[in-house]
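The first residue of the sequence shown is numbered 1, and numbering continues consecutively from there.
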Amino acid sequence: MYQRILVPLDGSETSLRGLDEAVRLALAHGAALRLVHGLNRFGRTPGHASHASYATLLPRMKEEGEALLQQARQRAERLGAEAVETQLLASLTLHLSELVAQDAMDWKADLIVAGTRGRKGIERILWGSEAQQVLRLTTVPVLLVQAPETAASG
């Protein structure tokens, strides 16, 4: 059923729960995994940082992103996944959700598995939801895995 599963990661415990679920699905279906981490100027720089300050931070952000992806790959392989690739996505203009949706289309993913914090109320209004934006932007099916406390209180 699923042959190509894309997993966006941000290093949070919730995104790792999404990774664990993606590995279970990959093992059940013999699917390949693509682990992605996105860099953009919207999510990581304070205030209205200039392109120049972003360029100064970019090498460090790339280094951290690559380390995060390698740790996630090792985790997936420890859980039994065999066909695992990683991709660092970067853009000065696109939001993370746009990067993920575009990569899912380019890679021809047939499922996106993403962790979500399950924000509600004012917190959701203030912080938004990248996972919900991915849902809006892609035609690829999306499986959202909630944080433990959200699932328990939900």
Side-chain angles (χ1 to χ4, degrees), residues 2-23 25-26 31-73 75-76 81 84-151 153-154:
Y2 299 117
Q3 296 302 307
R4 299 169 71 83
I5 302 173
L6 186 117
V7 185
L9 298 158
D10 64 8
S12 68
E13 187 60 34
T14 303
S15 75
L16 293 176
R17 285 176 53 89
L19 172 61
D20 293 349
E21 184 63 27
V23 169
L25 288 167
L33 291 173
R34 180 173 173 106
L35 314 180
V36 300
H37 176 70
L39 306 177
N40 71 356
R41 70 181 183 89
F42 298 110
R44 295 288 304 263
T45 57
H48 299 285
S50 68
H51 287 299
S53 64
Y54 179 75
T56 303
L57 291 172
L58 188 58
R60 171 85 183 219
M61 292 168 61
K62 283 184 176 180
E63 188 177 296
E64 291 173 1
E66 290 292 354
L68 182 151
L69 287 170
Q70 289 313 308
Q71 290 170 358
R73 171 184 274 203
R75 180 181 181 124
V84 182
E85 67 179 74
T86 61
Q87 182 66 41
L88 190 63
L89 309 173
S91 175
L92 287 174
T93 58
L94 296 178
H95 286 276
L96 293 174
S97 55
E98 294 170 308
L99 288 169
V100 170
Q102 185 61 54
D103 194 60
M105 296 300 291
D106 293 346
W107 188 62
K108 297 181 179 25
D110 46 28
L111 179 67
I112 300 169
V113 178
T116 180
R117 291 176 181 88
R119 293 181 176 123
K120 295 179 181 167
I122 193 71
E123 186 178 47
R124 185 170 183 184
I125 292 168
L126 291 174
W127 295 107
S129 168
E130 288 295 330
Q132 185 169 14
Q133 287 298 339
V134 170
L135 278 169
R136 289 183 182 147
L137 295 171
T138 188
T139 58
V140 176
V142 179
L143 172 63
L144 299 178
V145 179
Q146 291 186 320
E149 60 275 5
T150 302
S153 66

Query raised in the report: Which heavy-atom pair separates L19 from A76 by the least distance, and what is that distance?
Result: CD1-CB, 4.3 Å
Report task. Would you please test D10 and L96 for side chain to side chain contact (heavy atoms under 4.5 Å, CB included) and show each step? Result -> CA-CA 10 Å; D10 64 8; L96 293 174; over 6 Å; no
Query raised in the report: Can you name the side-chain hydrogen bond (donor to acceptor under 3.5 Å, both in side chains) partners of D103, sequence neighbours left out?
Result: R34
Query raised in the report: Is a side-chain donor or acceptor of R17 paired with a backbone partner of V145 at a separation under 3.5 angstrom?
Result: no
Report summary line: Heavy-atom closest pair (T139 atom, M105 atom, distance to 0.1 Å) is OG1-SD, 3.8 Å
Requested in this report: Under the side chain to side chain contact (heavy atoms under 4.5 Å, CB included) rule, what do L137 and Q102 come out as? Steps first, then yes or no, please.
Outcome: CA-CA 9 Å; L137 295 171; Q102 185 61 54; over 6 Å; no
Report task. Give, for atom CG of L25 and atom CG of D20, the distance between the pair rounded to the nearest 0.5 Å. Result -> 11.5 Å
Query - Stepwise salt bridge (charged side-chain N to carboxylate O under 4.0 Å, His left out) test for E64 and R60 - result: CA-CA 6 Å; E64 291 173 1; R60 171 85 183 219; 2.9 Å; yes
Query - Contact summary for M61 and L39, nearest pair of heavy atoms - result: O-CD2, 3.8 Å
Requested in this report: Provide the closest heavy-atom pair for A104 versus V140 in the form atom of the first, atom of the second, distance.
Outcome: CB-CG2, 4.2 Å
Query raised in the report: Is H37 reaching over with its side chain to a backbone N or O of L9, donor-acceptor style, under 3.5 angstrom?
Result: yes
Query - Minimum heavy-atom distance between S15 and P8, given as atom pair plus value - result: CB-O, 4.2 Å
Report task. Check V7 against A22 and note the closest heavy-atom contact, atom names and distance. Result -> CG2-CB, 3.4 Å
Query raised in the report: CD of Q71 to CD of E66: how many Å apart, nearest 0.5 Å?
Result: 12.0 Å
Report summary line: Distance col, row L33:CG vs T86:OG1, nearest 0.5 angstrom, shows 11.5 Å
Query raised in the report: Does some side-chain heavy atom of W107 sit less than 4.5 Å from a side-chain heavy atom of E85?
Result: yes
Report summary line: Rounding to 0.5 Å, atoms NZ (K62) and CG (L88) come to a distance of 7.5 Å
Report task. Side-chain contact test, heavy atoms from C-beta onward, threshold under 4.5 Å: evaluate it for L89 versus L94 and give yes or no. Result -> no
Requested in this report: Applying side chain to side chain contact (heavy atoms under 4.5 Å, CB included) between I112 and each of V36, L144, L135, V134, report the one that passes.
Outcome: V134
Report summary line: Hits for side-chain hydrogen bond (donor to acceptor under 3.5 Å, both in side chains) against D110, two or more places apart or cross-chain, chain-then-number order -> none
